[in-house]
Structures are given as structure tokens and as C-alpha cells.
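Just so it is clear, the structure is predicted and the values come from calculations on it, not from any experiment.
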Amino acid sequence: MPGTAPRMNGVSLGELCWLFCCPALIPRAASRKLAFLPPEPTYSVHSDANGATSLHLSERADCSTLRESWTRVEMFSTRSSRGNRVGCMFVRCAPTDRYTLLFSPRNAVGPGEMCSFYIASAPGINCNVFSYDYIRLRGQHRKPSEKNLYADIEAAWQGPGRNKYGVTPENIILYGQSIGTVPTIDLAARYECAAVILHSPLMSGLRVAFPDTRKTYCFDAFPSIDKVSKVASPVLVIHGTEDEVIDFSHGLAMYERCPRAVEPLWVEGAGHNDIELYAQYLERLKQFISFELPTS
């Protein structure tokens, strides 16, 4: 709307400035403001007589109208190293098991909201999808923090993706979108995988609020720009040139820091939430996954 200040995942520029002008509050407050706006519940937790839990998609889930697709979706939970229960979704989309995307979604979006997107898009790139809810498991009381964010993706990486489905690191593609690039980069800097896809990444929280920031301060939140140079896997960076939430300069800087960056996808005219609507989006993903990654 005209006259409306730009917002990052529901946070105004003024709110960001307040956060970063109060250094003592930044690690906790910025995490909550930037990364932990929970979506509407799309699944429920069920416990059996033995205390085992399972997750079930509700009518609010985005694939609730695709009844025939429900057999391809499995939901369950796992535990992080910090004791948090993490909701997980596995969507079998590909006729082969060559690659599985470990998908970290953007803010205010959980696996249920993304279900139809996974089912519609993943077969075109011949990938299965493993996603998780790093925001919170419904009904679980937990404090949002950067440490929980990193622990949740680690739980997804070490647990169900590897054990339940036999997916090995060389067959995992880490995919992060917007704030989801933060845990993706942190994990990729510590473990090698088949590839990494960074969709509208941010350099750090402070650099979003103050674009002229040239170094990382101790109170900065989500300092991905300092971690991405440690990523040893091939990296595809995707960014819209008219991104109104995370400026295009963030994607460009992240691309320039990646040791094994491939040809990026700069979507001319695209904003923060509409890149998927452009034809070159799926075309570039298919080219990267099907032809640019090692075949053995």
C-alpha cells in the first residue's frame, strides 16, 4: 500500500531499527521479531497408549483439497539436542530417490502451508522433500532463539532424514528461503551435502535494518554472511531484483562469498514472495539439480 513502511516478515523498518539500537536485547528480541511468527496450525499432535506421538494434517493444511496426495505425505516428530520436539513432514514426490530437499521455509509458514507447493513443484526437479517446523510444535511451550533455530535443523538433518528414510548427506540438498536460509547456512557450514539453495537470503539482521553496515558486530542477529564462506558444497543463490523485504544486494553479497557458487538466478522484477511464479525459477532448479550436480 502507498505510504506503508517496508516490512520484513511482519516487522517494520522502525521496529528493526529499535531492535538494533538496543544491543543488549538483540539476540533474543531480534530472533523473536524476525524468525518466529507462527503460522496458523495445520496439523495436530496425537499420542498413543505408549506415549509415542504422531502428527496429522488438519483441514487447514494447504493440501487438504488434494486427498489423493495424502498417501505421499508422512508426518511425525523428532527431538532436538535442546529437548524440543520438532514437527517433520516427508513428501515422496520423485520416482527415484536420488535427491531429497531439506527445506527450511520462510517466516510464518510451516510444512502444512507448503504441502501443495511441494507436491506440485518437486516432481519437476525429481526430488523428494523433507521439511520441518522450526518455529514451534503446536502445544509445546518453548522460547524462540537462534540456538533453537540451529538445533531444530540439526535434528532434522541427523534424525528422520538420515535414519527413517535412509537418506545420506550426498543425496541431501539443503534449501532455505528467506529467514530459512539462516539455519540452512549454519548447517551447511558444518556439514557437506549434495548442494545448497539459498532463496532470497539475508546477510544478517543488522544489515537488513542498516544497509550501509560493513562488518558484523557482536550483537548482530543471524550473521550468515560470516558463515557462508565455510560452505563446501555447490551453492545456487536465487534473489529477486525488486525484493522489498531483503534487498537484492544481500543475495549478491552472499553469492560473491560462496567458494563453490554456481551461476545464480537473479529474477528481474521479482519481489520477496513471488519468485516461484516466474518460469525461470523451476527451469533453473531443474538445470542445477539434473545437469550441474555430480551424477555419481
Side-chain angles (χ1 to χ4, degrees), residues 8-9 31 34-39 42-43 62 75 77-78 80-82 84-91 99-115 117-118 121-122 125 127-137 144-162 167 169 172-191 193-205 221-225 227-228 231 233 235-239 245-246 250-251 254 258 272-273 275-276 281 285 289:
M8 177 181 177
N9 298 317
S31 296
L34 294 181
F36 300 100
L37 299 177
T42 54
Y43 57 84
D62 194 37
M75 297 202 69
S77 65
T78 188
S80 76
S81 61
R82 296 175 62 82
N84 297 318
R85 220 154 23 99
V86 182
C88 301
M89 171 188 286
F90 185 80
V91 185
Y99 291 120
T100 294
L101 298 181
L102 177 50
F103 198 101
S104 299
R106 65 184 186 274
N107 199 10
V109 173
E113 289 86 356
M114 296 293 293
C115 191
F117 174 74
Y118 298 150
S121 304
I125 56 176
C127 288
N128 296 317
V129 179
F130 184 84
S131 189
Y132 66 102
D133 193 347
Y134 57 72
I135 298 172
R136 68 179 184 185
L137 187 59
S145 69
E146 279 195 77
K147 290 183 178 179
N148 279 337
L149 189 72
Y150 302 143
D152 288 353
I153 192 173
E154 176 98 24
W157 165 267
Q158 296 287 7
R162 303 273 286 276
V167 180
I172 295 176
I173 298 174
L174 300 179
Y175 190 123
Q177 181 177 8
S178 187
I179 198 67
T181 62
V182 172
T184 294
I185 291 170
D186 182 80
L187 188 74
R190 294 182 289 117
Y191 300 101
C193 58
V196 178
I197 299 171
L198 303 178
H199 181 150
S200 305
L202 64 151
M203 290 186 278
S204 73
F222 316 129
S224 294
I225 189 66
K227 299 178 182 179
V228 75
V231 176
S233 307
V235 179
L236 168 63
V237 181
I238 301 171
H239 216 112
V245 177
I246 301 174
H250 286 248
M254 298 293 276
C258 291
H272 191 66
N273 295 315
I275 288 178
E276 299 91 333
Y281 167 72
L285 288 181
I289 295 169

Enter the distance from [X]:[atom1] to [Y]:[atom2] here, rounded to the nearest 0.5 Å.
X      : Y      : atom1 : atom2 : answer
Asn128 : Thr100 : CG    : OG1   : 4.5 Å
Ile289 : Ile173 : CD1   : CD1   : 4.0 Å
His250 : Met203 : NE2   : CE    : 4.0 Å
Met254 : Ile185 : CE    : CD1   : 3.0 Å
Leu102 : Cys88  : CG    : SG    : 9.0 Å

**Message:** What verdict does the side-chain contact (heavy atoms from CB on, under 4.5 Å) test give for Tyr99 and Val167, after you've listed the backbone C-alpha separation in whole Å, the side-chain angles of each residue and the deciding distance to 0.1 Å?
**Reply:** CA-CA 8 Å; Tyr99 291 120; Val167 180; over 6 Å; no

**Fill in**
Across all chains, not counting sequence neighbours, the side chain to side chain contact (heavy atoms under 4.5 Å, CB included) partners of Cys258 are Val228, Val235, Ala261

**Request:** For Thr184, check side chain to side chain contact (heavy atoms under 4.5 Å, CB included) against everything at least two apart and list the hits.
**Result:** Ser104, Ile153, Leu174, Val196, Leu198

**Request:** State which residues pass salt bridge (charged side-chain N to carboxylate O under 4.0 Å, His left out) with Arg190; sequence neighbours excluded, sorted by chain then number.
**Result:** Glu154, Asp186

Is a donor on one side and an acceptor on the other found under 3.5 Å between the side chain of [X] and the backbone of [Y]?
X      : Y      : result
Ser121 : Tyr118 : no
Ser233 : Cys193 : yes
His239 : Ile246 : yes

State, yes or no, whether a side-chain contact exists between [X] and [Y] at a heavy-atom distance under 4.5 Å.
X      : Y      : answer
Ile172 : Phe130 : no
Ser80  : Lys147 : no
Pro183 : Asp152 : no

**Message:** Can you list everything that forms a ring-ring contact (aromatic ring centres under 6.0 Å, His included) with Tyr281? Sequence neighbours excluded, please.
**Reply:** His199

**Item:** Residues Phe222, Leu149; criterion side-chain contact (heavy atoms from CB on, under 4.5 Å); working and verdict
**Value:** CA-CA 10 Å; Phe222 316 129; Leu149 189 72; 4.2 Å; yes

**Closest approach of Ala221 to Glu146 (non-hydrogen atoms, all atoms of both residues)** = CA-OE2, 3.7 Å

**Item:** Closest non-hydrogen atom pair, Val237 against Pro201
**Value:** CG1-CG, 4.1 Å

**Asked** So Phe103 and Tyr175, would you call those rings parallel, tilted or perpendicular, with 30° and 60° as cut-offs?
**Response** parallel

